[in-house]
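To start, the structure itself, in structure tokens.
Remember, predicted model here, so these are calculated numbers, not experimental data. Chain identifiers are assigned alphabetically (A, B, ...) following the order of the sequence lines, protein sequences preceding nucleic acid strands; residue numbering begins at 1 within each chain.
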2 protein chains.
Amino acid sequence: MKHNRVTIHHVAKKAGVAISSVSRVLSNHADVSDDMRIKVEKAVSELGYEPDYLAQSLRKGATQTIGFMIRDITNPLFSIVAQSAEFELRKAGYSIILINSHGDSSVEKENFSLFKRRRIDGIIASLVSEDAAQTKSIINNLGIPIVLLDREIAGLKASAVICNHSIGVKEATSDLIKNGHKRIAFVSGMKDLLITRSRLKGFEDACTEGGIKIDPSYLRLGKFSEDYSYHEILDLFGSKKKPTAIVAGGIGASAGALRALKDLKLKVGKDVAFIAVDEWPMFDLLSSDLSSVYRDPDEIGRESARLILNLITGGPTSQAVVQTHYRKRTSSRRVLNG
Amino acid sequence: MKHNRVTIHHVAKKAGVAISSVSRVLSNHADVSDDMRIKVEKAVSELGYEPDYLAQSLRKGATQTIGFMIRDITNPLFSIVAQSAEFELRKAGYSIILINSHGDSSVEKENFSLFKRRRIDGIIASLVSEDAAQTKSIINNLGIPIVLLDREIAGLKASAVICNHSIGVKEATSDLIKNGHKRIAFVSGMKDLLITRSRLKGFEDACTEGGIKIDPSYLRLGKFSEDYSYHEILDLFGSKKKPTAIVAGGIGASAGALRALKDLKLKVGKDVAFIAVDEWPMFDLLSSDLSSVYRDPDEIGRESARLILNLITGGPTSQAVVQTHYRKRTSSRRVLNG
DNA sequence: TTGTACGCGTTATCAG
DNA sequence: CTGATAACGCGTACAA
């Protein structure tokens, strides 16, 4: 196991020139003679030399690396976002370091510190919470450009990709109402997240316009987890005022709700109407033809890449808005025994 | 935007000691007085100093980084593998750089070069092909420890996580035969991959033991893509000798086949029996209760992490075998009109 | 036990 | 236009 790493030093020696000249040729410096260029390029290709990122980074103060922190790469939405962001960033010469936070804000804190120590050039993050004052101060003191996914934190120097959830949810809910539904349950994550408030707003607006008074017991806004959703749905259908329709905010919520309905032997689209907010792979192979509120994960990835590159090159913080829209399928139709 | 990065230099000055003493304290060197330790630790915590990975890496020749190259992070199986590998590697102090190869072997080549330039300590990779002589020589010349996922390349200094596909497929196929099926189609990826050959072996063994002669036209081994599978299934059911059962090797193959059956208005588990090799999220919410050949993606991730760490610490190359097993559900039952 | 000096592989500055 | 040299931030022989 010999140290056969070939450095700029070897190239210089082989070409019979100074190290700095090699560096100049390789960085396409203007003031270099054709003769020099040829000599150096010959030595480079003969030795198969490739500049070391590490040394370059140390010298230049930039690592060409983006930290991508998400709660769960297993979430199909995030994995698409990650893929598309990676694709875009790679084109710009950046690699990404992937870190799962497992939805734990203390892990998030560690990760930020890790990013700093690794001299990451920029961060794309889907954070657990929006209200953590601590997180805010950490980010502000980090000195690293950051793009937040679907989070809005006041007083934070950060760009963000925000999805316009309210529009899609409103469309979907309005359609349910138009189909005669009056008892509509809404299951989603914590109310202190923008994403939930935004969805809730769409839901409320649709109800107001449709002349429906919202029964607070139909609002189940606690966690994004499948487990939470599962039990809330069981609870709802164990009560006297069973809903005739469900709007599930997020993949976890949808999964939990669908499992609950399955266990209750209720057929989606027949016994109960259903709207899934967000889709997942092989969505169309489910037992029921689910209506959904769709947003394009690829777009989220692309936009987050664009925003972080902007920030890195000295641009101002900004927001990108990704639209959502209602995809009507059969699961939102009128329920006969409603 | 001032350079307020705090270095070991600042700590030394603040503590009134030499840089090397700070370094010694931080790396828990034996010969350091309590007095010195206290002084340094005080300065460190007051300044919030954290050693720079970059400089450490350059000095030590190790980046504490693992390159994770997969064909598609969007594949739910891979995303679980990635998550679990990341979790394990993180515990050992490693971060992972995620790279998608998009199933393109020329991108793979670039990625290897990138890994080298970034001085990655180890690689975990799911390669496109096994036969590429070029890839083999690249890897062998790379000088970086590597763990291959589900690939076996002769003459390569690499560890590997291999799944025992034949067992699960054999069990599943035998069950189909026991249920009276004789015309069983098998759709999967390229035959020159170990994974395909291994599955095929299980399939053939079951047929042999069950006294079934395999009709070559039932073997559709071309690509892992959904598209390929979709068209092959359409083709099979357009022929005279329609199969009564299908074994789909891989998530893409399963998705394509299920879509084709849906378009053909054939009900899985009723009009045709079906075995999915590999599961995916919300598998149980599909329209049919699919039997499957299961392997644990978490285990694959854990094992790959273990193997690469082994290699990095100077251990010999080795293989880990992950078992598969048949999960019997209703889709493999007897088909009435078979 | 502690401090000095050098090197890891580059790039940038400054003479020549 | 080219060559020597000083950083970048840290670890470690070596000397004190």
Do [X] and [Y] sit within salt-bridge range, that is, some charged N less than 4.0 Å from a carboxylate O?
{"X": "Lys116(B)", "Y": "Glu50(A)", "answer": "no"}
{"X": "Arg90(A)", "Y": "Glu110(B)", "answer": "yes"}
{"X": "Asp52(B)", "Y": "Arg119(A)", "answer": "yes"}
{"X": "Lys91(B)", "Y": "Glu88(B)", "answer": "yes"}
{"X": "Arg295(B)", "Y": "Asp150(B)", "answer": "yes"}

What nucleotide, of [options], holds the atom closest to the side chain of [X]?
{"X": "Ile8(A)", "options": "dG9(D), dT11(C), dA4(D)", "result": "dT11(C)"}
{"X": "Lys60(A)", "options": "dG3(D), dC8(C), dT11(C)", "result": "dT11(C)"}
{"X": "Val17(A)", "options": "dC10(D), dT4(C), dG3(D)", "result": "dG3(D)"}
{"X": "Ala55(B)", "options": "dG9(D), dT2(C), dT2(D)", "result": "dG9(D)"}

State whether [X] places a side-chain N or O below 4.0 Å from either non-bridging phosphate oxygen (OP1 or OP2) of [N].
{"X": "Gln56(B)", "N": "dG9(D)", "answer": "no"}
{"X": "Ser23(A)", "N": "dT11(C)", "answer": "yes"}
{"X": "Ser33(A)", "N": "dT2(D)", "answer": "yes"}
{"X": "Tyr49(B)", "N": "dC10(D)", "answer": "yes"}

Provide, to the nearest angstrom, the distance between the [atom1] atom belonging to [X] and the [atom2] atom belonging to [N].
{"X": "His29(B)", "N": "dT2(C)", "atom1": "NE2", "atom2": "C1'", "result": "11 Å"}
{"X": "Arg24(B)", "N": "dT4(C)", "atom1": "CZ", "atom2": "P", "result": "11 Å"}
{"X": "Asp35(A)", "N": "dG3(D)", "atom1": "CG", "atom2": "P", "result": "11 Å"}
{"X": "Leu58(A)", "N": "dG9(D)", "atom1": "CG", "atom2": "C1'", "result": "6 Å"}
{"X": "Lys13(A)", "N": "dG9(C)", "atom1": "NZ", "atom2": "C1'", "result": "16 Å"}
{"X": "Ile19(A)", "N": "dG9(C)", "atom1": "CD1", "atom2": "C1'", "result": "9 Å"}
{"X": "Asp31(B)", "N": "dG3(C)", "atom1": "CG", "atom2": "C1'", "result": "14 Å"}
{"X": "Leu54(A)", "N": "dA7(D)", "atom1": "CG", "atom2": "P", "result": "21 Å"}

Donor/acceptor link under 3.5 angstrom from [X] side chain onto base of [N]:
{"X": "Arg59(A)", "N": "dA12(C)", "result": "no"}
{"X": "Ser20(B)", "N": "dG3(C)", "result": "yes"}
{"X": "Arg119(A)", "N": "dG9(D)", "result": "no"}

Describe the nucleic acid contact of Asp52(B) in one word from base, sugar-phosphate, nothing, applying a heavy-atom distance below 4.0 Å.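 Sugar-phosphate only.
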